[in-house]
Amino acid sequence: MTADDAQGPEAEELEVSEAQIAVHWKEEEFYYPPPRFIGQANASDPAIRERFTEDKFPECFKEYADLLTWDEYWHTTLDTSNPPFWRWFVGGRLNASFNCVDRHLRTRPNQGALIWVPELESDETVVVTYRDLYRRVNETAAMLRDFCGLKTGDRVTLHMPMVPELPILMLACARLGVIHSQVFAGFSGAACGGRISDSQSRVLITMDGYYRNGDLLDHRVKADEAVARAKEEGQEVDKVLVYQRHPGRYTSKNPMVAGRDFFVDEVMASYEGQLVDPVSLPAEAPLFIMYSSGTTGRPKGCQHSIGGYLSYVTGTSKYYQDIHPEDTYWCAADIGWITGHSYIVYGPLSLGTTSVMYEGVPTYPDPGRAWRIAERLGVNIFHTAPTTIRMLRKVGSDEPTKYDYHFKHMTTVGEPIEPDVWRWYYDVVGKGEAVIVDTWWQTETGGFMGSTLPGLEPMKPGSCGPAALGIYPVIYDEDGEEVPRGSGRAGNICIRNPWPGGFQTVWGDPDRFVKTYYEKYNKDPESTDWRDWPYFANDGATQAPDGYFRILGRVDDVINVAGHRLGTKELESASVLVEEVAEAAAVPVMDELRGRAVEMYISLKPGVVAGPDVEEKIAKVIENEIGKVARPKNVWIVPDMPKTRSGKIMRRVIAGISNFTDVGDITTLANPEVVEEIRVQVQKAKEARGEVPRTLSEREEEELEAFGQAE
Ligand code: PRX
């Protein structure tokens, strides 16, 4: 038998579905929002919940869309005629760049739109006012149109670090209706190349270098790798535009390629002062593509719309981030991720606020850096991820007390946050003055799906809270039976209804869109009633008696490392590129700072001798194919993989070994004897390296038990 027959009886016997797992953690006490916050909150009238009840769906979302300026108003709020390809605000026309830039010109031309903080403290902070933003977006749009020949509907790949040119480029694309696909700068050239070919981009825009931990990294070298990889996959890149981190001083070791590569500063000179009319586009036209990992194969290009997406991120930025134009808002995420797209660029700028961007590492050059930035710029809304909070606490648990900043609002996003870490965030970072929202959502959802309304609903450490306005979730077990609220059981969280921020499709692969997100719980493939098409989020969750959701993590084979979604398949297919490797399996290991880290288990081809050079080759190939974020903590070369009789690698078993937990029932394995052999090998080595983890919580053990069951 082959691995393709994995659904044989042996495999089934071993599976523990999420829905069968009882969760027994203690529910935490509520924390109530401070009165001072409530007094100024955008959402302070409890009637707001009533405006978004299910009987008002889908018209309730008019409230979000009305925050935008439309060239033409829509005639149909939601068209469900071709499920699950929902169309929002049909008939409407608008431009996202106009909404984020032009419409603020009259009211706040001299207010900062972006404040950019370079990593080196000796470098000057740059304030880009709305007037500057308007000028730079127009000039950039002129360059994209006239020099690059880009037009509405074309795709362009950006591989930009955290510099103001990135949001300027995004908004310039949006002005023309060019679909941007920004690839996280930390991703490798090969990963970027794969995304260039998938999106069929002819133009790549990058920068020569950027600062990280005090070093000026050579980023431009990745462009050559990206172009080469895209070419291998059949996609030619005609132009590579290169920004210079220090204008006029090119810092990469790779030479520019004549006829293909151009310095933006030189090209842009011809477009100085040019204005480009924003193109009036249908609400359902695509705004951007953002790639994300999932269970199978290559990352999926999540396609987001202009009208629905922009309405949703503007509405949620207003009510959940509590952004007012006069706030100074700092989201410390990277714009290369969906959080940055929605909640550094599009949502905040659509509301006309001041959005802070920081180039580098929040603990560089010392643990007080983040709080110095907050103090100096008067940041009053702060947004980050648990992994950063853990790191900030580890390196300087009382640093925040040394700085005179005052947050009214703080966000946590991207991973479950431990109640203990939550409390440090609340007491020390927030100084007990700030409200916290724990926002659960995904690349696919465009904006928040679960969170408390900060002025109206109490916080509960470790829970994201109730569903967001106009979102009606349900938790199903594997058989599609509803797991009732308060049952203490976990299941698969789904969203029963469409919402405007939801992605429109997987770029170039509509079947995968339907299969991955809708097939599992679809009630009738012929139905045009949205009620028959719940969206399967691929996350496990429980719902407390009070209605608050607790997100347990992915139920597919995704490992969330420091908030980065890594697919086991991507890690494994990278590893098998090393010629000595026969088989590879990726598992998560609990990590104090990053939440989870990756460990690779490798079996070698017959006759190949294991050694540190093979281990390093595997770690390197993963860095090359995906990026440094994916570098495994350990590579274990083992005599054989534990397998079912149908040939399926039992990741659950090796995940148990890596984490020193129970490996569970192994009696039905084809080769049970290998388990003990691997256990002794791996755990001995870990003990020698001081890598024995703390005792895991029941919840963490359950997560490991469920790992690897998604295939
Ligand atoms: O497992 C959930 C986790 O991150 C996944 C989405 O990752 P990504 O598409 O990269 O988007 C990250 C930014 C939203 C989810 O499927 N996740 C996200 N937010 C939370 C979370 N897990 C627990 N609590 C959260 N607040």
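The first residue in the sequence is number 1, and the count goes up from there. Counting convention: from 1, in listed order, for ligands and their atoms alike.
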**Student:** Check this for me, if you would: do E28 and K460 make a salt bridge, where the nitrogen-to-carboxylate-oxygen distance has to be below 4.0 angstrom?
**Tutor:**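 No.
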**Student:** Go through the steps to decide whether Q321 and Y343 satisfy the test side chain to side chain donor-acceptor pair (under 3.5 Å), and finish with yes or no.
**Tutor:** CA-CA 9 Å; Q321 290 304 117; Y343 298 113; over 6 Å; no
**Student:** Just jot down the salt bridge (charged side-chain N to carboxylate O under 4.0 Å, His left out) partners of R155, sequence neighbours excluded, or say none.
**Tutor:**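 With neighbours one apart ignored, the set is empty.
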**Student:** Closer than 4.0 angstrom, basic N to acidic O: yes or no for R393 and D420?
**Tutor:**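 Judged by the 4.0 Å cut-off on N to carboxylate O distance, R393 and D420 do form a salt bridge.
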**Student:** Any ion pair linking E418 and R423 (charged N to carboxylate O, less than 4.0 Å)?
**Tutor:**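 Between E418 and R423 there is no salt bridge, as every charged N stays at least 4.0 Å from the carboxylate O atoms.
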**Student:** With no hydrogens and no angle check, just 3.5 Å: does a side-chain donor-acceptor pair link E599 and S658?
**Tutor:**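 S658 and E599 do have a side-chain donor-acceptor pair below 3.5 Å.
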**Student:** Return the protein residues near ligand 1 (heavy atom under 4.0 Å from any of its atoms), ordered by chain and residue number.
**Tutor:**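 Residues near ligand 1: I338, T339, V413, G414, E415, P416, D438, T439, W440, W441, Q442, T443, D539, I551, R554, N560, R565.
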